[in-house]
Amino acid sequence: MKKSALEILQLGHPHLRRTSHVIPDTNDIEFQDFTDQLIKLVTQQGGMGIAAPQVNVASRMFIMSSHPNSRYPNAPVMEATVVINPEITWTSTEIEKDWEGCLSLPGVRGLVSRHKKIKVSYLSASGEQIETEYTGFLARIFQHELDHLNGTVFLDRVDSTHEIMMEQEWQRRVIDSNEQA
């Protein structure tokens with residue numbers, strides 16, 4: 001685990017494309033420190049989530065931290081949740097296409113298809129086995145962050161380059177038009 005200040009890798013860094021390793025010991029003090037740093041970083045950045053590979057740590061863990069903001073005004077509130085060694089155990093057949101962004105691709109938005117409902121299994125920060133279900137936006141966050149653990153970024157899931165926008169244009173077209181509707 002990293003002890004220095006965490007830095008978010010940007011698209012193009014080869015370590016964003018590597019597959020992460022299972023975490024064998026969630027009680028390790030260095031791992032717990034890293035988890036705390038990752039929560040602090042995603043909170044400071046205003047992100048909905050962040051995965052260990054985004055800060056150059058090839059471990060199968062991420063943070064989900066949903067909250068309404070200017071980019072996602074209808075996001076549900078979810079306290080920062082540590083997700084370790086995650087797996088999707090079931091997916092709905094219903095797919096939903098919506099806009100995504102990423103702390104590793106600042107300023108870029110893309111339309112991404114995701115399962116609307118998923119059942120998942122993972123370990124909590126305390127090592128407790130969690131089995132739960134996520135729908136809508138929370139299911140989207142989980143799938144987005146799990147992709148990072150497998151070396152995938154959201155642009156890999158965009159159907160067409162016509163479904164990619166810069167943040168400023170996305171704010172103008174999508175957010176502003178939704179507020180006027």
Side-chain angles (χ1 to χ4, degrees), residues 11 16-23 26 38 42 46-54 58-106 108-125 127-167 169-171 173-179 181:
L11 182 64
L16 277 177
R17 298 306 195 154
R18 65 185 174 185
T19 302
S20 297
H21 307 287
V22 170
I23 298 168
T26 60
L38 207 53
V42 75
M48 297 291 153
I50 193 167
Q54 291 180 267
S59 296
R60 294 193 71 77
M61 69 89 60
F62 58 80
I63 309 296
M64 291 176 64
S65 179
S66 180
H67 51 278
N69 65 20
S70 62
R71 292 182 316 246
Y72 304 104
N74 300 317
V77 175
M78 176 187 203
E79 188 174 325
T81 301
V82 178
V83 177
I84 302 167
N85 299 332
E87 293 180 48
I88 295 176
T89 58
W90 174 87
T91 59
S92 66
T93 55
E94 189 176 359
I95 303 291
E96 185 173 59
K97 199 173 212 180
D98 206 351
W99 292 98
E100 291 186 19
C102 182
L103 295 174
S104 290
L105 289 84
V108 179
R109 295 277 164 223
L111 268 176
V112 180
S113 296
R114 300 275 186 193
H115 294 281
K116 192 170 183 175
K117 191 177 197 180
I118 59 175
K119 290 183 182 179
V120 301
S121 176
Y122 61 89
L123 297 176
S124 70
E128 177 187 359
Q129 183 69 45
I130 305 292
E131 292 186 15
T132 191
E133 189 174 285
Y134 292 118
T135 59
F137 192 71
L138 296 179
R140 178 169 297 280
I141 293 171
F142 193 98
Q143 292 168 85
H144 175 108
E145 299 306 333
L146 182 61
D147 274 353
H148 279 298
L149 306 186
N150 298 318
T152 301
V153 297
F154 78 90
L155 288 181
D156 298 332
R157 297 201 180 273
V158 173
D159 293 331
S160 163
T161 56
H162 294 278
E163 296 178 331
I164 300 170
M165 263 188 233
M166 297 309 293
E167 176 82 28
E169 186 65 16
W170 178 80
Q171 285 279 348
R173 284 188 182 191
V174 177
I175 296 296
D176 293 348
S177 67
N178 285 346
E179 288 174 355

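- Annotation: side chain of I63 is not in contact with side chain of T81 (no heavy-atom distance under 4.5 Å).
- M61 is listed as a side-chain neighbour of L38, based on a closest heavy-atom distance under 4.5 Å.
- Considering only heavy atoms from C-beta on, L105 comes within 4.5 Å of L155 through its side chain.
- In this structure a side-chain-to-backbone donor-acceptor pair under 3.5 Å is present from S66 to P76.
- In summary, the side chains of H144 and E100 do present a donor paired with an acceptor at a separation below 3.5 Å, with no hydrogens or angles considered.
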Where do Y72 and H67 land on the side-chain contact (heavy atoms from CB on, under 4.5 Å) test, with the steps shown first? CA-CA 8 Å; Y72 304 104; H67 51 278; over 6 Å; no
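- In this structure, CZ on F142 lies 9.5 Å from OG1 on T132, to the nearest 0.5 angstrom.
- You'll find the side chain of V108 reaches within 4.5 Å of the side chain of F154, heavy atoms only.
- In this structure, R114 and D98 have side chains that are not in contact, with every pair of non-hydrogen atoms separated by 4.5 Å or more.
- Judged purely by distance below 3.5 Å, without hydrogens or angles, the side chains of Q129 and S121 pair a donor atom with an acceptor atom.
- Ring planes of Y134 and Y122: parallel class, angle under 30° (limits at 30 and 60°).
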Worked check of side-chain contact (heavy atoms from CB on, under 4.5 Å) between K116 and T91: CA-CA 8 Å; K116 192 170 183 175; T91 59; over 6 Å; no
Walk me through it: do S104 and Q54 pass the test side-chain hydrogen bond (donor to acceptor under 3.5 Å, both in side chains)? CA-CA 7 Å; S104 290; Q54 291 180 267; 3.0 Å; yes
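- Considering only heavy atoms from C-beta on, Q171 comes within 4.5 Å of R71 through its side chain.
- The two residues G49 and L103 have their closest heavy-atom pair at O-CD1, 4.0 Å.
- No donor-acceptor pair under 3.5 Å is formed between the side chain of R157 and the backbone N or O of T152.
- Considering NZ of K119 and CD of E131, their distance stands at 10.0 Å, rounded to 0.5 Å.
- Here the straight-line distance linking atom OG of S113 with atom CD of E96 works out to 9.5 Å at 0.5 Å rounding.
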Can you check side-chain contact (heavy atoms from CB on, under 4.5 Å) on V82 and M64, steps first, answer last? CA-CA 7 Å; V82 178; M64 291 176 64; over 6 Å; no
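- In this structure, E133 places its CD atom where more than 12 heavy-atom neighbours from other residues, nucleotides or ligands lie under 6.0 Å away.
- Remark: the backbone N or O of A51 is paired with a side-chain donor or acceptor of E145 at under 3.5 angstrom.
- In terms of heavy-atom proximity, S124 sits nearest to I84 at O-CD1, 3.3 Å.
- Atom-to-atom distance recorded for I23:CD1 and S20:OG is 8.5 Å, nearest 0.5 angstrom.
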Show the numbers, then the answer: is there a side-chain contact (heavy atoms from CB on, under 4.5 Å) between F62 and I141? CA-CA 10 Å; F62 58 80; I141 293 171; 5.8 Å; no
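- Heavy-atom minimum distance, G110 versus V158: CA-CG2, 4.2 Å.
- Using a 4.5 Å cut-off on side-chain heavy atoms (C-beta onward), H115 and I88 make no contact.
- Nearest heavy atoms, P68 versus P73: CB-O, 3.4 Å.
- Relative to the ring axis of W170, R109 places its NZ or CZ within 45° and under 6.0 Å from the centre.
- Taking each heavy atom of R60 and P86 in turn, the nearest pair found is O-CD, 3.6 Å.
- A donor-acceptor contact shorter than 3.5 Å is absent between the side chain of R18 and the backbone of G151.
- Although no hydrogens or angles enter the test, the distance criterion places no donor-acceptor pair under 3.5 Å between the side chain of N150 and the main chain of D147.
- Here CG of N85 is found 12.0 Å from NE2 of H21. Values are rounded to the nearest 0.5 Å.
- The minimum heavy-atom distance between H148 and V153, with the atom names listed, is CE1-CG1, 4.1 Å.
- Around the CD atom of E79, the shell of radius 6.0 Å holds no more than 12 heavy atoms that belong to other residues, nucleotides or ligands.
- Side-chain contact between V120 and Q143 is absent, with no heavy-atom pair separated by less than 4.5 Å.
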